[in-house]
Amino acid sequence: MTQPDPTSLATPAQQADRAASLALASVCFALFAAATSMSCVFAILPSVGRDLGLSEPQIGWVVAPAALVFVLFGPVWGRLGRHWPARGIFTAALLMVAVFTLLFGFALAWRLEARISVFLCFALLIASRVLLSPFSAAMLPTAQSYIAHTTDSTYRPRALASMGASFALGMVASPGLAAIATGAGLLTPFYVVTILLVAAAACTWMWLPRVHHGAATAPHASAAPGHPKTAWALI
């Protein structure tokens, strides 16, 4: 005799609450993974930069343009998030960040193996970070907009606090984890970060609503249909 599925015994409200919790967990995981990809290079690049043949100003130039691009693309994603579903933005952005994270790691390894010149390594490092930054910049605005449109005033502070803590934890923990993982090989931290990014992309694809988040799809949403509000206004 088959046992009943426990989820089938839950009320619609309980199922909706579980779906909302999974969605928030996937958003927090995505922010954590994206933050690790942004900050892991801070522990690796300074220590191997001279071995690559890069000067100190060149090492700075690897990071500085990417930071500027990150800042500039934040408002862009804020506007795109009004029209595109968070599920698609998160998944695509995380996968692209994974690609350029691997490119950065391979550029370091190729130069240390003398397979490419210093100039080509320098160009690849800058390109990988600059191309990664627009997709990393999608994380926070999309998360803020999603939470603002799918939670009410009582649940929203806790959701935003979880979002901020996840991103900060990734930024703080990644350099230390990268320094430890480098002991197993230069590319190991980049493989670890890539696995986190791909896993986060899978979670957002599975657990975030398939419809536009502006439609107030989560059970904690309170914005009335047809009442347009920007994400910042709701927050």
Side-chain angles (χ1 to χ4, degrees), residues 19-43 63 66-67 69-82 84-102 104 129 131-151 155-178 181 189-190 192-209 212-214 217-218 220-221 231-232 234-235:
S21 298
L22 288 175
L24 178 60
S26 68
V27 169
C28 291
F29 185 24
L31 292 170
F32 174 82
T36 60
S37 70
M38 294 169 57
S39 61
C40 70
V41 300
F42 300 145
V63 179
V69 172
F70 181 88
V71 172
L72 293 177
F73 268 81
V76 175
W77 286 110
R79 289 191 293 270
L80 292 177
R82 301 176 186 176
W84 295 357
R87 178 176 181 251
I89 293 176
F90 272 121
T91 304
L94 288 165
L95 292 177
M96 294 305 298
V97 170
V99 169
F100 293 119
T101 296
L102 278 180
F104 190 94
R129 295 301 290 178
L131 293 173
L132 175 148
S133 291
F135 299 102
S136 292
M139 298 293 108
L140 284 174
T142 303
Q144 291 170 335
S145 181
Y146 175 81
I147 291 172
H149 282 93
T150 57
T151 58
Y155 185 78
R156 191 174 302 135
R158 186 175 67 178
L160 289 173
S162 300
M163 179 199 77
S166 300
F167 190 81
L169 181 62
M171 292 292 290
V172 172
S174 179
L177 295 175
F190 299 98
V192 172
V193 171
T194 299
I195 291 172
L196 286 175
L197 291 165
V198 173
C203 290
T204 56
W205 183 257
M206 290 188 300
W207 293 336
L208 284 181
H212 190 270
H213 60 246
T217 56
H220 304 291
W232 286 112
L234 287 170
I235 291 172

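Everything quoted here is computed from the prediction, not taken from an experiment.
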* Donor-acceptor contact below 3.5 Å, side chain Ser39 vs main chain Ala35 -> yes

* Do the side chain of Arg129 and the main chain of Ala66 share a donor and acceptor less than 3.5 angstrom apart? -> no

* Spatial distance of atom CG (Leu24) from atom OG1 (Thr150) [nearest 0.5 Å] -> 8.0 Å

Side-chain donor/acceptor pairs under 3.5 Å, residues 160-167, sequence neighbours excluded:
| unit_1 | atom_1 | unit_2 | atom_2 | d |
| --- | --- | --- | --- | --- |
| Ser162 | OG | Arg158 | O | 3.0 |
| Ser166 | OG | Ser162 | O | 2.8 |

* Would you say Ser26's side chain and Ala23's backbone share a donor-acceptor pair under 3.5 angstrom? -> yes

* To do: With sequence neighbours excluded, tell me which residues meet side-chain contact (heavy atoms from CB on, under 4.5 Å) with Leu177.
  => Ala173

* Listed by chain and number, what are the ring-ring contact (aromatic ring centres under 6.0 Å, His included) partners of Phe135, not counting sequence neighbours? -> none

* Structure fact -> Residue set satisfying side-chain contact (heavy atoms from CB on, under 4.5 Å) with Ser136, at least two apart, ordered chain then number -> Ser37, Met38, Phe70, Val97, Leu132

* Any sub-3.5 Å donor-acceptor pair from Thr204's side-chain atoms to Ala201's backbone N or O? -> yes

* Mind checking ring-ring contact (aromatic ring centres under 6.0 Å, His included) for Phe90 and listing every partner two or more places apart, or none if nothing turns up? => none

* Test log, rule side-chain contact (heavy atoms from CB on, under 4.5 Å), inputs Leu31 and Leu140 -> CA-CA 7 Å; Leu31 292 170; Leu140 284 174; 4.0 Å; yes

* Ala33: what forms a side-chain contact (heavy atoms from CB on, under 4.5 Å) with it, not counting sequence neighbours? -> Leu196, Leu197, Ala200

* Structure fact -> When rounded to the nearest 0.5 Å, the distance separating OG1 of Thr142 from CG of Leu208 is 10.0 Å

* Check whether any side-chain heavy atom of Leu94 sits under 4.5 Å from a side-chain heavy atom of Met139, and report yes or no. => yes

* To do: Start with the C-alpha gap between Phe73 and Trp77, add the side-chain angles, then the distance that decides, and say whether side-chain contact (heavy atoms from CB on, under 4.5 Å) holds.
  => CA-CA 6 Å; Phe73 268 81; Trp77 286 110; 4.2 Å; yes

